[in-house]
2 protein chains.
Amino acid sequence: MDKNNLRHLPHKTIERLSQYRRALLLCHANGKTHIFSHEIAKIQHITAVQVRRDIMLIGYTGTLRKGYNVEELIVLIGKILDTEEGLNVAVVGVGNLGRAITNYFRGKRTKLSIVAAFDKNPDKIGKKYSGVECFDIADLKSLIKQKDISIGIITVTPESAAEACKALVEGGIKGILNYTPKPVNVPPHVYLEEYDMITSLEKVAFFVKTH
Amino acid sequence: MDKNNLRHLPHKTIERLSQYRRALLLCHANGKTHIFSHEIAKIQHITAVQVRRDIMLIGYTGTLRKGYNVEELIVLIGKILDTEEGLNVAVVGVGNLGRAITNYFRGKRTKLSIVAAFDKNPDKIGKKYSGVECFDIADLKSLIKQKDISIGIITVTPESAAEACKALVEGGIKGILNYTPKPVNVPPHVYLEEYDMITSLEKVAFFVKTH
DNA sequence: TTTGCCATGTTAAATCTTTAACAGTGAATT
DNA sequence: AATTCACTGTTAAAGATTTAACATGGCAAA
Ligand SMILES: NC(=O)c1ccc[n+]([C@@H]2O[C@H](COP(=O)([O-])OP(=O)(O)OC[C@H]3O[C@@H](n4cnc5c(N)ncnc54)[C@H](O)[C@@H]3O)[C@@H](O)[C@H]2O)c1
Ligand SMILES: NC(=O)c1ccc[n+]([C@@H]2O[C@H](COP(=O)([O-])OP(=O)(O)OC[C@H]3O[C@@H](n4cnc5c(N)ncnc54)[C@H](O)[C@@H]3O)[C@@H](O)[C@H]2O)c1
């Protein structure tokens, strides 16, 4: 599957592929060699049809009556989602959330590694957090290039979000994941994803209220 | 707008309303009294049409050539999203992420308050984190009823996610927000929302790779 | 006053996403 | 050997969501 085909995969499918892989890795660790579409579906709270359709879209085909080969599917999803050499990630803002994330990601994926953290607080600069060194935010731009960092995770205080984003973009970042409640702006060539926990919580609250 | 009308609001609109309010509150704090649909759109990286359509759906109508009254819109979105009395929330698992969340939510919304945290670690039980007391997970079920907790946020270790979820459900929880990478199961009357940061990061990585 | 403009509100069309329907297939059963 | 069964793979339909198109209204400038 070449780069051009990949572009046609629906965004939602991409998200689910990541989730399928997470589930498959767990099954693999448990010694399971094959899995049915309806088993994956149950784990993810979706329908078996959707699982089969997603898997069809990436051109994989399972074994009749035995389901999908767990290992093969993991490898194939890796070919879709991962780059061969892997991508380097930086966390900007080493506060509660930044540290939690750095700790969470540690050793999770070989193809996505957090290679640097940044902060403006002199007490944090030079220290290591979950094995990741914290650098001065002033050096962000040069270190992005030097360490070939493609993705930045913004976890500074909301007031500094725009500033952190600007520095990342100027450093030549390719993708940004913003956990700040302050939306940031990026040029079209930078891919941006934003997430605010309060939105999720308010959504849950709304459905609790109405149901 | 009564409960029945509310049910017809699209899920995506609910999410955006939360985001609009977040932006509006900020504008309000800055002394802005009116805002145009295209201004909201710019902040949220969406189109002005979509903003107007969402606002139409909740039955609000702005002033021609002046846009929407910031304060009125904030109040109306509150009527949609919030309950009059507010809802109580519990954090289950006082690790890095649990503490980060508790700290983040502190005083953010008056209508959604974290009233308790739970853990199994004796060192944490009895302590306060960002003003929230940590209780023994063994007391979860009784405290949910006692403190009238409607929503649970799961931030325990992945292996304990199912167990924490089970306890929440048995305690009579109405909604769950699961930040564990391990999907959990709930009966149909409980609303469930799951989020994994790795999925977001892998999605960003995918679009970085293909663009 | 009249014309142009800029913004909202709404219906209709387009697009994206999920679900349904069903053909195909091969192992197990009789 | 024929039949049933339980799966996958695919196309078609339905449903959800976004975008386009345009009617409307009122301020401002000419
Ligand atoms: N804690 C959460 O669970 C949570 C959840 C959602 C969103 N958020 C958001 O994530 C962000 C971080 O949250 P937190 O709890 O870690 O906050 P925090 O205050 O603990 O950490 C913020 C860190 O950013 C650093 N910082 C501030 N300005 C900076 C700058 N200009 N350059 C470099 N570093 C800078 C600070 O020194 C600090 O280390 C906040 O915007 C918060 O609103 C937090
Ligand atoms: N740190 C992150 O940014 C991050 C991001 C996404 C998801 N997660 C997930 O969120 C969860 C928490 O992450 P963390 O970094 O805070 O982990 P952590 O290990 O720091 O904290 C886990 C906490 O849960 C408690 N716990 C474990 N089992 C329990 C049980 N049965 N009952 C009650 N309490 C129990 C532990 O005592 C500990 O305090 C993990 O599942 C992790 O995978 C974390």
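By convention in this document, chain letters (A, B, ...) are assigned in the order of the sequence lines, proteins followed by strands, and residues within each chain are numbered from 1.
- For B:R52, the side-chain atoms get nearest to C:dT8 when compared with the rest of D:dT18, C:dT8, D:dG9.
- Each of B:V49 and A:T63 has a nearest nucleotide on DNA chain D; the 5'-most of these lies closest to A:T63.
- Note: CG (B:L9) to P (D:dT18) measures 13 Å, nearest angstrom.
- Taking the six-membered ring where tryptophan is involved, the planes of B:F207 and A:H11 are tilted, since the angle between them lies from 30° to 60°.
- Using a distance-only test at 3.5 Å, with no hydrogens or angles considered, no donor-acceptor pair links the side chain of B:H211 to the main chain of A:R7.
- With hydrogens and angles left out, the side chain of A:R65 and the base of D:dC5 share a donor-acceptor pair within 3.5 Å.
- The side chain of A:R53 sits closest to C:dT18 out of C:dG9, C:dT18, D:dT18.
- Between the CG atom of A:L57 and the P atom of C:dT18 there is a distance of 11 Å, given to the nearest Å.
- Taking atom NE2 of B:H8 as the reference point, atom P of D:dT17 lies 14 Å away to the nearest angstrom.
- Between A:M56 atom CE and C:dT18 atom P there is a gap of 13 Å when expressed in whole angstrom units.
- Remark: the backbone N or O of A:L9 is not paired with any side-chain donor or acceptor of A:T13 at under 3.5 angstrom.
- Rounded to an integer number of Å, the gap from B:E39 CD to C:dC6 P is 15 Å.
- Here the straight-line distance linking atom CD1 of B:I153 with atom CE of A:M197 works out to 8.5 Å at 0.5 Å rounding.
- Projected onto DNA chain D by closest heavy-atom contact, A:L64 and B:T13 fall at different nucleotides, the more 5' of which corresponds to A:L64.
- Judged by distance alone, the side chain of A:R52 and the main-chain N or O of A:S37 form no donor-acceptor pair under 3.5 Å.
- Taking side-chain N and O atoms only, B:T47 has a distance below 4.0 Å to OP1 or OP2 of D:dT19.
- Regarding A:I46, its CD1 atom lies at a distance of 17 Å from the C1' atom of D:dA16, rounded to whole Å.
- To the nearest angstrom, C1' of C:dT10 lies 14 Å from CG of B:D54.
- Closest contact between the side chain of B:Y68 and the listed nucleotides D:dG26, C:dT18, C:dG9 involves C:dG9.
- Separating the NZ atom of B:K12 from the C1' atom of C:dC16 is a distance of 9 Å, rounded to the nearest angstrom.
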